[in-house]
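Let me begin by presenting the structure, written as structure tokens, before commenting on it.
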Amino acid sequence: MPEGHLIHRYAREQDAALAGRVPALSSPQGRFDPGPYAGRALRTVEAYGKHLLYHFDDSPTLHVHLGMRGLFLRHADPAVPPRGGVRLRLATDAVAYDLIAPIRCEPLPDDGVRALRASLGPDPLRADADAAEAVRRLAASSGAVGAAVLDQSVWAGIGNAWRAELLFLAGLDPDARRPGPEVARRLWDLAVRYLALGRDAGQVVSDPDLPDERWVYKRETCRRCGAPVRRWDLGARTAYACPVDQPAAN
DNA sequence: CGACTATGGGCAG
DNA sequence: TGCCCCTAGTCGT
């Protein structure tokens with residue numbers, strides 16, 4: 001499920017497989033017009049937060065956002081016919097990627113790309129992420145820290161599962177407000193470290209020793225102390241937190 | 001096999 | 001606020 005770590009994983013894999021080539025684009029579903037990309041070389045596949053940007057020579061950037069349900073299927077045999085409903089197939093003679101149920105799949109002119117970048121906060125998985133700016137933005141947020149980290153204009157790429165697990169690792173109550181620079185920096189460093197683990201593993205990893213386990217996300221009890229996990233609505237998503245390990249600041 | 005849920009997010013209304 | 005996106009894993013019947 002597509003939070004930032006999986007978007008970066010897709011970008012890395014597809015960049016390795018497709019960049020520098022002339023992939024064939026098609027839309028079996030018919031809801032995407034591949035015409036502008038016919039015969040165009042793909043320069044790079046870039047991830048920014050939860051967004052994917054496919055940069056082509058002499059064509060608008062292709063913007064993909066998976067939303068909650070979108071996914072890619074990879075076919076080692078590009079001759080395999082796509083299932084119904086494939087919005088976009090990117091294929092070479094060696095591999096095909098089928099995009100299903102994205103919330104966005106569209107050409108994006110340069111000014112749209114600039115606007116998109118400007119709308120996003122630092123992405124902990126990008127090499128060009130500015131940690132000081134990330135700290136500033138989080139510390140400047142006025143609401144609950146648990147809402148701020150889901151705000152893509154504060155930090156880009158964090159979703160609900162990462163929110164739950166990162167705030168647990170930081171010992172931070174999601175309802176806490178106005179985190180200071182030290183707290184914000186600690187949380188950022190956790191995000192940088194753990195999202196990279198998640199990208200490499202292909203799943204949320206919040207305990208490297210037990211990568212399939214979670215501390216509080218979707219759990220009934222805290223995996224560390226056994227206390228009942230508190231769950232409530234925060235930032236239009238269900239928040240999960242341990243009342244013991246993430247005590248309320250007041 | 002149907003119901004339910006969910007790791008996003010934009011837009012209509 | 002509700003709805004959509006040709007989803008998928010899980011659970012109950």
Side-chain angles (χ1 to χ4, degrees), chain A residues 1-11 26-34 47-53 62-75 80-89 96-108 112-113 115-121 123-125 143 146-169 174 190-191 194-207 211-220 229 231-241:
Chain A
M1 296 59 187
E3 297 187 40
H5 65 299
L6 287 184
I7 303 307
H8 278 264
R9 184 181 177 87
Y10 281 137
S26 59
S27 180
Q29 179 197 48
R31 289 182 54 191
F32 173 78
D33 173 16
Y48 202 137
K50 297 168 185 170
H51 300 262
L52 283 166
L53 297 171
L62 173 60
H63 172 222
V64 169
H65 192 293
L66 296 180
M68 195 153 60
R69 295 167 24 175
L71 72 160
F72 282 99
L73 297 178
R74 181 184 184 277
H75 297 290
V80 169
R83 59 200 263 185
V86 170
R87 182 79 59 92
L88 168 67
R89 166 169 283 198
Y97 291 95
D98 286 349
L99 171 62
I100 296 164
I103 197 166
R104 283 283 181 274
C105 174
E106 62 197 359
L108 195 62
V113 173
L116 175 64
R117 294 183 193 280
S119 74
L120 297 172
D123 174 349
L125 284 179
V149 295
L150 285 186
D151 183 339
Q152 301 298 297
S153 72
V154 177
W155 292 359
I158 309 293
N160 201 28
W162 282 112
R163 166 175 78 171
E165 296 296 280
L166 291 171
L167 290 175
F168 175 88
L169 290 168
L190 286 167
Y194 280 87
L195 262 70
L197 294 176
R199 175 199 57 207
D200 296 343
Q203 64 179 63
V204 171
V205 175
S206 52
D207 179 352
D212 293 333
E213 295 291 335
R214 313 282 172 263
W215 295 109
V216 290
Y217 177 66
K218 280 190 175 178
R219 287 184 55 96
E220 293 299 320
V229 167
R231 56 174 80 188
W232 70 104
D233 285 339
L234 176 61
R237 287 285 180 286
T238 303
Y240 304 82

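Residue numbering restarts at 1 for every chain, and letters A, B, ... go by the order of the sequence lines.
Residue A:Q203 contributes atom CD, which lies 13 Å from atom C1' of B:dT7 at whole-angstrom precision. Distance CG (A:L52) to P (B:dG8): 15 Å, rounded to an integer number of Å. Put simply, CZ on A:R83 is 16 Å from P on C:dC5, counting in whole angstrom units. In this structure, CG of A:L195 is placed 16 Å from P of B:dT7, rounded to the nearest angstrom. Atom CG in A:D98 sits about 12 Å away from atom P in C:dA8, given to the nearest Å. Per the geometry, CG belonging to A:L66 stands 12 Å off P belonging to C:dC6, to the nearest Å. The separation between A:D212 atom CG and C:dT10 atom P is 11 Å, rounded to whole Å. When rounded to the nearest whole Å, the span between CZ of A:F32 and P of C:dC5 equals 19 Å.
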Protein-nucleic acid N or O pairs under 3.5 Å, nucleotides 9-13 of chain B:
residue, atom, partner, partner atom, Å
B:dG9, OP1, A:H65, NE2, 3.4
B:dG9, OP2, A:K50, NZ, 3.1
B:dG10, O3', A:R104, NH2, 3.0

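The side chain of A:A101 sits closest to C:dC6 out of B:dG8, C:dC6, C:dA8. Closest contact between the side chain of A:Y217 and the listed nucleotides B:dA6, C:dC5, C:dA8 involves B:dA6. Here the nucleotide nearest the side chain of A:L71, chosen from B:dT7, C:dA8, C:dC6, is C:dA8.
B:dT5 sits 14 Å from C:dT13 when the P atoms are compared, rounded to a whole Å. Spacing of P atoms, B:dC1 relative to C:dC6, comes out at 23 Å, to the nearest Å.
No donor-acceptor distance shorter than 3.5 angstrom exists from the side chain of A:E165 to the backbone of A:R163, with no hydrogens or angles considered.
Contact check for A:R117 versus A:Y48: side-chain heavy atoms found under the 4.5 Å cut-off.
No option in A:Q152, A:H8, A:H5 other than A:Q152 meets the side chain to side chain contact (heavy atoms under 4.5 Å, CB included) test with A:K50.
A:R31 and A:E106 are not joined by a salt bridge, as no carboxylate oxygen comes within less than 4.0 angstrom of a charged side-chain nitrogen.
The shortest non-hydrogen separation linking A:I158 to A:A191 is CD1-CB, 4.4 Å.
Between A:R163 and B:dA6 there is no side-chain polar atom (N or O) within less than 4.0 angstrom of OP1 or OP2.
Rounded to the nearest 0.5 Å, atoms CG (A:L190) and CH2 (A:W162) are 10.5 Å apart.
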Mind listing the side-chain donor-acceptor pairs of residues 194-204 of chain A below 3.5 Å, one per line with the distance, residues two or more places apart or on another chain?
residue, atom, partner, partner atom, Å
A:D200, OD1, A:R12, NH1, 3.3
A:D200, OD1, A:R12, NH2, 2.7
A:Q203, NE2, A:P211, O, 2.5
A:Q203, NE2, A:D212, OD1, 3.0

